[in-house]
Structures are given as structure tokens and as C-alpha cells.
Amino acid sequence: MKQLEYLKILSLSKRTLEEYLNWGETEIVKMPTDEIISTEESVKMPSSKKQSGSVLSSKEKIKILKKTIDSCKKCSLGSNRLNAVIGVGSPIADLMFVGEGPGFDEDHKGEPFVGKAGQLLTRIIEVMGYIRENVYITNVVKCHPMIDTTNPEKRSNDRPPSLLEMETCKYYLDKQIEIIKPKIIVTLGASSAKSLLHSEEPISKIRGIIKEYKGIKLMPTYHPAALLRNPNLKKFVWDDMKIVMHYLDTEKI
Ligand code: SF4
Ligand code: URA
């Protein structure tokens, strides 16, 4: 292994241990260690689940889907967005995160979860022993739901997507799930849980219990923005992510 790779692993492990303590963990849980060793090279490599040839085709399919979404105007959100925000990460990821919808930062950058809540999600992913590049991150709607639709340059102009917007855009999320075939989906917050599970129950009631969506395991948990408002919720998210990690660990062949 190259020296740079060793250094990457060491620095990630150190940060991960620090984060365990930050997140109220008192004992070290078994982590999916081979996922930590994820350089750009190994991210591109097919896992045992997806055999040779399938990597390129998933990548290609996502690329084609991106083109369609980039020009989509199926709902009114398409008229005011700066960028459609399709998703980021590995097209063969075992773990997929689904948030609500792009906000100001995401609309400007064209990438999901890059603002404050996104930075927290990135930390959660790293504490789990992954990096953004080897999971897949997306949203229920791909365009920024704004309160004042005339002003994409205004901050704090975000709102949750409507049921109609979520239903209209769901086709793309379904396609992403179909192409990527994750082993488990983590829904972040009420909107994505509502969209995929059609559940009206509050997140506090449904989180922490593995459900299913189209035959794929699904874990509902709190949105990272909720953790920013109430850090006491971190403990619950960490508990939920430990279940997800355990599931992925036992699923490995
Ligand atoms: Fe199309 Fe989805 Fe954007 Fe609506 S939110 S315009 S359905 S990509
Ligand atoms: N919140 C979300 O739900 N998605 C993003 O991409 C950013 C913030």
C-alpha cells in the first residue's frame, strides 16, 4: 500500500475515534474497516456485489439520467432553480442517503448537502467509516424549493417540498435506486420518509427501525439540520447509524 494511503487511513481513524467520543460513544464498535480504505481507485473498483462491466454501465446510466434531470421542468421548481442537484457519490454504492431537497448552497453549487447540514452529514458518513465518494447522496426533489421563487440569491429562502413536487420528482429517485441498487437507504428527515414510506408518523416514532422500500432496506432517521438545532438528537442518529453499519457488515460476503 502506498504511504499516502496509510496516512489517509491513519488520519481518518484518528478523526473517527475523536468523533465517537463527541457523539457520546463509550465503547468502540466494529466498523466496516475495508470501506475506510477507500481511495479514489477503490471507489471505482467493482465490489463483489457488482461484477465487472456493471460499474461503467451504472456510471453511464447515472450520466444519462443527469442529462434528463438537468433539463427537467416537470414541476414548477424547475423554473427558478439555478442548478438541478442530482446526487453525488458512487454509482455502485451500498449505502444511499436521501435528504429533502437542495437549499441555497446546493442550488448554487449543484451538489447535495454542501451547506452546514451537509457538513454535518459528511461527518456522520466519516464516523461510519465511509467517505462521501463511496456512498451516494441525493434528495427527494432535485430542485431548490424556495419560499420566494423570484429570488434564488436570498438566504433562508428554503421550504420543504410539497407532496405534489415530491411525487412528480420521485420518478428520478426511483431510477437512481434502480441503477445504484444500494443495500440500504437512509432517509434524512420527514420529507424523504414521507415520500418513500408514505408514513404520516413523526420521525421520532419511526426512526431506528429498519423498513423496506421496493425490497431494499430503509432506515429513517433525523435530518442533520435537526441535529444542528438540537444536538441532543445526535445520540439517536448515531444509534440508528450503528444499526445501518451492522446491517452492511453482516451483508458483506
Ligand atoms: Fe423536475 Fe424534480 Fe426539478 Fe421538479 S424538482 S423540475 S420534477 S427535477
Ligand atoms: N438539506 C437537504 O435535505 N438536502 C440538501 O441537499 C441540503 C440540505
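Ligands are counted one by one from 1 in listed order, and the atoms in each one are counted from 1 as well.
Any N or O atom pair closer than 3.5 Å counts here, and Pro102 shares no such pair with ligand 2. At least one N or O atom of Gly101 sits closer than 3.5 Å to an N or O atom of ligand 2.
Ring centroids of His198 and Tyr213 are separated by 6.0 Å or more, keeping the two rings apart.
The backbone and the side chain of Pro112 each have at least one atom closer than 4.0 Å to an atom of ligand 2 (non-hydrogen atoms only). When heavy-atom distances to ligand 2 are checked against a 4.0 Å cut-off, Glu106 comes that close only through its side chain, counted from C-beta outward.
With hydrogens and angles ignored, the 3.5 Å screen pairs a side-chain donor or acceptor of Asn157 with a backbone N or O of Asn151.
A cation-pi arrangement is present between Lys74 and Tyr172, with the terminal nitrogen or guanidinium carbon under 6.0 Å from the aromatic centre and inside a 45° cone about the axis.
Given atom 1 (N) of ligand 2, the protein heavy atom at minimum distance is His223 NE2, 3.3 Å. Nearest protein neighbour of atom 4 (N) of ligand 2, counting heavy atoms only, is Asn139 OD1, 2.8 Å. The protein heavy atom nearest to atom 3 (Fe) of ligand 1 is Cys143 SG, 2.3 Å. For atom 4 (Fe) of ligand 1, the closest non-hydrogen atom of the protein is Cys75 SG, 2.4 Å. Looking at atom 1 (Fe) of ligand 1, its nearest protein heavy atom turns out to be Cys72 SG, 2.3 Å.
The residue from Glu167, Glu100, Met166 that alone fulfils the side chain to side chain contact (heavy atoms under 4.5 Å, CB included) condition with Val140 is Met166. Among Arg159, Arg81, Lys142, Lys170, the one residue that satisfies the salt bridge (charged side-chain N to carboxylate O under 4.0 Å, His left out) test with Glu165 is Arg159. A side chain to side chain contact (heavy atoms under 4.5 Å, CB included) with Asp240 holds for exactly one of Lys235, Met245, Arg207; it is Arg207.
For a distance bound of 2.8 Å, the N, O or S atoms of Cys169 include one lying that close to atom 2 (Fe) of ligand 1.
Listed by number with element, the atoms of ligand 2 under 4.0 Å from a non-hydrogen atom of Glu100 are 2 (C), 3 (O). Residue-ligand proximity, Gly99 to ligand 2, at heavy-atom distances under 4.0 Å covers atoms 3 (O). Of all atoms in ligand 1, listed by their number and element, those nearer than 4.0 Å to a heavy atom of Gly78 are 6 (S).
Distance check: Phe236 CZ to Tyr222 OH gives 6.0 Å after rounding to the nearest 0.5 Å.
The side-chain heavy atoms of Glu111 and Ile86, taken from C-beta on, include no pair separated by under 4.5 Å.
Taking a cutoff of 4.0 Å between a charged side-chain nitrogen and a carboxylate oxygen, Arg155 and Asp105 qualify as a salt bridge.
Within the 4.0 Å heavy-atom shell around ligand 2 one does not find Gly115.
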